[in-house]
Amino acid sequence: MTTAKRDTYTPETLLSVAVRVFNERGYDGTSMEHLSKAAGISKSSIYHHVTGKEELLRRAVSRALDGLFAVLDEPGAVRGRAIERVEYVTRRTVEVLMDELPYVTLLLRVRGNTKTERWALERRREFDHRVAELLKAAAADGDLRADVDIRLATRLLFGMINSLVEWYRPQPGGGAERQQLVDTVVHLAFDGLRTTS
């Protein structure tokens, strides 16, 4: 029976279980025993797929980070006025968060206790820095209010976006709700940041 289960388990399904357990128990509070029980397979079966729980963490946070960094290379993030690009990045960041909710939730909960967590925090800072640079460019273009501190605006923008992991739960067939949420985040952020004509 165990062999049949192992044969049907994939690295992707194992990663999905690990992310759920990490989010429920915290990464530090999760043991390989917890992971094997949640997956319904032996610890040795897990080791057949990965070297340990830190590799699972690395794969999980990489999935979230890869999604976020990919946004920065999309045409809407690299063409046009800086204000349009930063609005595009904001919109897409919310969409990535919704699409990869468990993975982004885990990314936002890492604390820097392991090498992988420190790496993830550094990558998050790099992403934030690149968005802050877009905001600075928009301010230089005269498209952002002069009385708004860019560093503070960046922190508040990401604070609003990142808070979604605490309460957003996708609904089946909730496409309209999803679009409304994305639009609301963009409007709340940029109606307050843009200069008025």
Side-chain angles (χ1 to χ4, degrees), residues 12 15 19 23 58-110 112 116-197:
E12 188 59 30
L15 183 62
V19 168
N23 281 332
R58 177 83 176 212
R59 288 182 183 188
V61 295
S62 291
R63 180 167 163 168
L65 287 162
D66 289 350
L68 293 170
F69 274 92
V71 167
L72 298 176
D73 294 326
E74 293 173 1
V78 294
R79 295 188 196 129
R81 289 184 69 84
I83 188 68
E84 294 162 355
R85 293 179 2 229
V86 76
E87 283 188 28
Y88 176 87
V89 168
T90 300
R91 179 176 297 282
R92 289 289 293 123
T93 298
V94 175
E95 291 172 350
V96 167
L97 184 146
M98 291 189 292
D99 291 342
E100 302 291 351
L101 186 62
Y103 298 88
V104 176
T105 300
L106 182 60
L107 173 64
L108 295 175
R109 291 182 178 167
V110 298
T116 297
E117 289 179 287
R118 288 187 292 277
W119 169 81
L121 289 172
E122 185 57 37
R123 294 285 286 156
R124 275 183 56 196
R125 281 191 288 274
E126 182 184 341
F127 181 83
D128 292 354
H129 175 74
R130 289 185 58 186
V131 176
E133 289 300 310
L134 279 177
L135 281 165
K136 284 181 192 171
D141 290 344
D143 291 330
L144 293 185
R145 292 173 35 178
D147 62 337
V148 173
D149 177 271
I150 297 302
R151 287 181 61 221
L152 179 59
T154 304
R155 287 183 177 159
L156 291 171
L157 178 62
F158 281 110
M160 178 172 53
I161 293 170
N162 294 344
S163 73
L164 297 177
V165 302
E166 300 304 328
W167 58 267
Y168 173 73
R169 299 297 171 263
Q171 301 300 317
E177 171 195 295
R178 172 189 165 100
Q179 190 58 50
Q180 180 184 21
L181 178 57
V182 172
D183 291 342
T184 301
V185 169
V186 171
H187 290 307
L188 282 174
F190 290 95
D191 288 353
L193 289 172
R194 274 186 178 271
T195 54
T196 53
S197 308

Worked check of side chain to side chain contact (heavy atoms under 4.5 Å, CB included) between V86 and I83: CA-CA 5 Å; V86 76; I83 188 68; 4.2 Å; yes
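- No side-chain heavy atom of V104 sits under 4.5 Å from any side-chain heavy atom of L164.
- With sequence neighbours excluded, the residues that form a side-chain hydrogen bond (donor to acceptor under 3.5 Å, both in side chains) with R125 are E122.
- The nearest pair of heavy atoms linking A120 to L107 is CB-CD1, 3.9 Å.
- Contact check for V185 versus T93: no side-chain heavy atoms found under the 4.5 Å cut-off.
- For the atom pair I150 CD1 and K136 NZ, the distance stands at 8.5 Å (nearest 0.5 Å).
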Test side chain to side chain contact (heavy atoms under 4.5 Å, CB included) applied to N162 and R124, step by step: CA-CA 12 Å; N162 294 344; R124 275 183 56 196; 4.3 Å; yes
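- Expressed to the nearest 0.5 Å, how far OG1 of T90 lies from CG of L157 amounts to 4.5 Å.
- Separating the CG atom in D141 from the CZ atom in R81 is a distance of 4.5 Å, to the nearest 0.5 Å.
- Here the shortest heavy-atom pairing between E12 and Y103 reads OE2-OH, 3.8 Å.
- We find that R109 and E166 are joined by a salt bridge, their nearest charged nitrogen and carboxylate oxygen being less than 4.0 Å apart.
- Pairs engaging residues 91-102 under the salt bridge (charged side-chain N to carboxylate O under 4.0 Å, His left out) rule: R63-E100, E74-R92, R91-D183, R92-E95, D99-R178 [sequence neighbours left out].
- Residues L144 and L135 share a closest heavy-atom pair of CD1-O, 3.3 Å.
- Atoms CH2 and CG, from W119 and L65 in turn, are 5.0 Å apart once rounded to the nearest 0.5 Å.
- Put simply, CG on L106 and CG on L101 are 11.5 Å apart, with the number rounded to the nearest 0.5 Å.
- Within the model, atoms CD of E84 and CG of L134 stand 12.0 Å from one another, a figure rounded to the nearest 0.5 Å.
- Between R151 and D149 no salt bridge is recorded (no basic side-chain N to carboxylate O distance below 4.0 Å).
- The minimum heavy-atom distance linking P102 with V19 is given by the pair O-CG1, 3.4 Å.
- One finds no salt bridge joining E133 and R130 here, because no Lys/Arg side-chain nitrogen approaches an Asp/Glu carboxylate oxygen to under 4.0 Å.
- Nearest approach of V96 to G67, heavy atoms of both residues: CG2-O, 3.8 Å.
- Annotation: R155, atom CZ; neighbour count of heavy atoms from other residues, nucleotides and ligands within 6.0 Å does not exceed 12.
- Atom CD of E177 sits in a crowded spot, with more than 12 heavy atoms from other residues, nucleotides or ligands closer than 6.0 Å.
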